[in-house]
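Structure, as structure tokens:
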Amino acid sequence: MNSPEQPLPTFDEVLLCTPQTSVEQVGLFLRRCLIPCPGGDKIYTMLYADELSYDVSCRAEELFQRLQCYSSSYRLIILCNCERENSYLPSAFSHYKVHMIPQRSRAEMQQYLQHHFQVAQPSGSAAAVFKEHMCVGIVSSKRAGMGK
């Protein structure tokens with residue numbers, strides 16, 4: 001986010017974890033992160049790693065320990081819910097824990113995302129529906145079941 005031209009993460013750089021995430025999915029993700037390949041300037045991120053099942057978490061840690069020797073320059077971020085930081089994977093990686101404070105203001109972050117999600121010509125696109133011709137949007141309501 002240092003420059004508006006820096007791209008957003010690609011699909012292979014992010015793993016959104018759920019209780020149904022398999023060992024194979026985590027394994028593929030860790031291999032992409034830890035085994036060096038051309039164009040290795042990517043930052044890999046596991047979101048909600050605390051949601052992984054105990055078995056998947058154990059096997060992910062084992063695989064990480066085995067693959068870590070292939071590269072000393074990997075960039076891996078594991079994000080967890082602070083209320084679940086005692087689950088297996090956050091506990092296993094707790095010695096790497098870094099408390100982060102955003103370095104950019106909320107307005108700067110919104111402007112960066114706006115730059116990447118704005119459609120130039122919204123005609124014939126769903127972006128015409130969202131504010132300022134964005135190709136993504138969040139629809140929410142305080143009242144459940146209101147046809148969102």
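None of these values were measured; they are calculated from a predicted model. Reckoned from all heavy atoms, side chains included, excluding hydrogens, waters and symmetry mates.
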Side chain to side chain contact (heavy atoms under 4.5 Å, CB included), paired with Phe64, selected from Arg66, Gln68, Glu62, Glu61:
Gln68
For Gln25 and Gln20, work out which heavy atoms get closest and say how close.
OE1-O, 4.2 Å
Listed partners of Arg32 passing salt bridge (charged side-chain N to carboxylate O under 4.0 Å, His left out), at least two apart:
none
At their closest point, which heavy atom of Ala60 faces which heavy atom of Leu30, and how far apart are they?
O-CD1, 3.6 Å
Evaluate side-chain contact (heavy atoms from CB on, under 4.5 Å) for Tyr74 paired with Leu34, printing each intermediate quantity in order.
CA-CA 6 Å; Tyr74 63 89; Leu34 297 169; 3.3 Å; yes
More than 12 heavy atoms of other residues, nucleotides or ligands under 6.0 Å from CD of Glu83: yes or no?
no
Distance check, rounded to the nearest 0.5 Å: Arg31 atom CZ versus Leu63 atom CG?
5.0 Å
How close do Lys42 and Arg75 get, heavy atom to heavy atom, and via which atoms?
O-NE, 3.5 Å
Hey, quick one: are Tyr96 and Tyr44 part of the same hydrophobic cluster, counting side-chain heavy atoms closer than 4.5 Å, chains of contacts allowed?
yes
Might you point out which heavy atoms bring Met46 and Phe29 nearest each other, and give the distance in Å?
CG-CE2, 3.2 Å
Rest of the hydrophobic cluster containing Leu79 (Ile/Leu/Val/Met/Phe/Trp/Tyr, side-chain heavy atoms under 4.5 Å)?
Val14, Leu16, Ile43, Leu47, Tyr48, Ile77
For Ser94, what residues pass the side-chain contact (heavy atoms from CB on, under 4.5 Å) criterion, not counting sequence neighbours?
none
Just to verify, which of Gln110, Gln114, His116 counts as forming a side chain to side chain contact (heavy atoms under 4.5 Å, CB included) with Tyr112?
His116
How long is the straight-line distance from CG of Leu76 back to OG1 of Thr45, given to the nearest 0.5 Å?
7.5 Å
Closest heavy-atom pair, Asp50 versus Ser87, reported as atoms and distance to 0.1 Å, is CB-OG, 3.3 Å
Is there a path from Ile78 to Ile35 through hydrophobic residues (I, L, V, M, F, W, Y) whose side chains come within less than 4.5 Å of each other?
yes
Can you measure from CG (Leu15) to CG (Leu52) and round to the nearest 0.5 angstrom?
7.5 Å
Do Thr10 and Asp12 get their side chains close enough for a donor-acceptor pair, meaning under 3.5 Å?
yes
Taking every heavy atom of Ser57 against every heavy atom of Leu89, the minimum-distance pair comes out as O-CD1, 3.6 Å
